[in-house]
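Naming convention: chains lettered A, B, ... in sequence-line order (proteins, then strands); numbering from 1 in each chain.
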Number of protein chains: 2
Amino acid sequence: MTRSTVLHVLVFGALGGVLIAALKWLEYRWLVATHATELYAGAVAILFAAIGLVLGRKLTRPQIEIREIPVEVPIPMAAAAGFTRDEQRQAQLGLTAREIDMLEQMAAGLSNREIAARSFVSENTVKTHVSRIYEKLDARRRTQAVQRAREWRLIA
Amino acid sequence: MTRSTVLHVLVFGALGGVLIAALKWLEYRWLVATHATELYAGAVAILFAAIGLVLGRKLTRPQIEIREIPVEVPIPMAAAAGFTRDEQRQAQLGLTAREIDMLEQMAAGLSNREIAARSFVSENTVKTHVSRIYEKLDARRRTQAVQRAREWRLIA
DNA sequence: GGCAAGATCATTCTTTTGGGTGACGCATCG
DNA sequence: CGATGCGTCACCCAAAAGAATGATCTTGCC
């Protein structure tokens, strides 16, 4: 194939393309001329359908879809792990800090001996404290004292 | 006013109505004849606008409007004042209902004698139960058993 | 300085608890 | 029917807890 041959092919191709385009253009003109009303109606239809669509979206109230979204709610400290000693009542009952201390260890399930060891005092001392605690809490037993102390928010 | 007068009024009124209606009809015919295209276009416009509207409402996804509405949520019993026994662990430890029963009374601060009286059994029986509880809870003291039972949610 | 409160310790005595063992009755289950 | 689990009860012994009393020491306060 020579260069001129290639050129010819390209020229004829281009001419063919132009010809087809021209024919299509004429056909289009004829279509527009003969079906003007239908085209007009079509255009109006499309336009108004679009307008209707937009209006339909914009002007109608948004549909409310009730959906429950789980939300993390911070649990109030006081209910979770927090504890506040009722110092009011503690003072009112005349419980000393040391006694509250003993009380906590009693509640932890420690024996007098164990408390004595941990507190670096004699077992007798612990017994004295414990006895006074009973008096103040009006308890007769260890478990009762612990229960009362809990109930009255003197210990956690 | 005589009957005939009334009749005349009615007849003239009717005739007038018919005349007006006729004139309107002619006017309408003329309007339709001269503005056929506009009317056609108008009708199409209205129709398609309606179609667009309907489609816009029906075929599009509903607009979701996320609106957070604070809702009063009942605090779960378990967290508020309620208590749920860890029956899992209870079974796992092999604690019987009777033992839990005793455990609760121990926690209430009752002595073996008191528990015996309230449960209508002998003090010895209570002691047996209590001893078994200690074994199962791996406790050596009353207060310790109560503490463990609380910790493990076996009692309130 | 002296008083009151709080913490410490001891001694004595009683009560309660806890450990160990054995036994009986009653269901349930394989 | 025998095994097992549960609830019941008893007896003995040891340990822990509780009651009562008295004493010392420190600290804060008037």
In whole angstroms, the gap separating P of C:dG6 from CE of A:M102 amounts to 15 Å
Rounded to whole Å, the NZ-P distance (A:K136 to C:dA5) equals 11 Å
Checklist line | Distance below 4.0 Å between A:R141 side-chain N/O and C:dT16 OP1 or OP2 | finding: no
Closest heavy-atom pair, A:Y134 versus A:A145, reported as atoms and distance to 0.1 Å, is CE2-CB, 3.6 Å
Going by atom type alone, with no hydrogens or angles, which donor-acceptor pairs under 3.5 Å involve a side-chain atom of residues 115-126 of chain A and a protein atom two or more places apart or on another chain?
unit_1: A:S119; atom_1: OG; unit_2: A:Q105; atom_2: NE2; d: 3.1
unit_1: A:S119; atom_1: OG; unit_2: A:I115; atom_2: O; d: 3.0
unit_1: A:S122; atom_1: OG; unit_2: A:N124; atom_2: N; d: 3.2
unit_1: A:S122; atom_1: OG; unit_2: A:T125; atom_2: N; d: 3.1
unit_1: A:S122; atom_1: OG; unit_2: A:T125; atom_2: OG1; d: 3.1
unit_1: A:E123; atom_1: OE1; unit_2: A:R113; atom_2: NE; d: 3.1

* Asked: Stepwise, does the side chain to side chain contact (heavy atoms under 4.5 Å, CB included) test hold for A:H129 with A:D101?
  -> CA-CA 10 Å; A:H129 283 309; A:D101 180 15; over 6 Å; no
Sorted by chain and residue number, the salt bridge (charged side-chain N to carboxylate O under 4.0 Å, His left out) partners of B:R150 (sequence neighbours excluded) come out as none
Between CZ of A:R140 and P of C:dT17 the distance, given in whole Å, is 12 Å
Report task. Starting from the C-alpha separation in whole Å, work towards a yes-or-no answer on side chain to side chain contact (heavy atoms under 4.5 Å, CB included) for A:L137 and A:E99. Result -> CA-CA 11 Å; A:L137 290 186; A:E99 282 160 357; over 6 Å; no
- Query: Same cluster or not: are A:L110 and A:L154 linked, directly or through other Ile, Leu, Val, Met, Phe, Trp or Tyr residues, by side-chain heavy atoms under 4.5 angstrom apart?
  - Reply: yes
Outer limits of DNA chain D sitting under 4.0 Å from a non-hydrogen atom of chain A, read 5' to 3', are D:dA16 to D:dA19
Residues passing the salt bridge (charged side-chain N to carboxylate O under 4.0 Å, His left out) test with B:K127, sequence neighbours excluded, are none
Can you find a side chain N or O atom of B:Y134 that sits less than 4.0 Å from OP1 or OP2 on C:dG19? no
Does A:V146 form a side chain to side chain contact (heavy atoms under 4.5 Å, CB included) with B:V146? I'd like the steps, not just the answer. CA-CA 10 Å; A:V146 170; B:V146 170; over 6 Å; no
Scanning both residues in full, the closest heavy-atom pair of A:I155 with A:I100 reads CG2-O, 4.5 Å
Here the residues of residues 91-99 of chain A within 4.0 Å heavy-atom distance, strictly under, of DNA chain C are A:T96, A:R98
Residues of residues 115-131 of chain B with a heavy atom under 4.0 Å from any atom of DNA chain C, listed by number, are B:K127, B:V130
From CG of B:L110 across to P of C:dT16 the rounded distance in Å is 13 Å
From the list A:R148, A:Q147, A:R153, side-chain hydrogen bond (donor to acceptor under 3.5 Å, both in side chains) with A:E151 holds only for A:Q147
Before accepting this row, confirm whether a basic side-chain N of the pair B:R140/A:E114 lies closer than 4.0 Å to the acidic partner's carboxylate O.
-> no
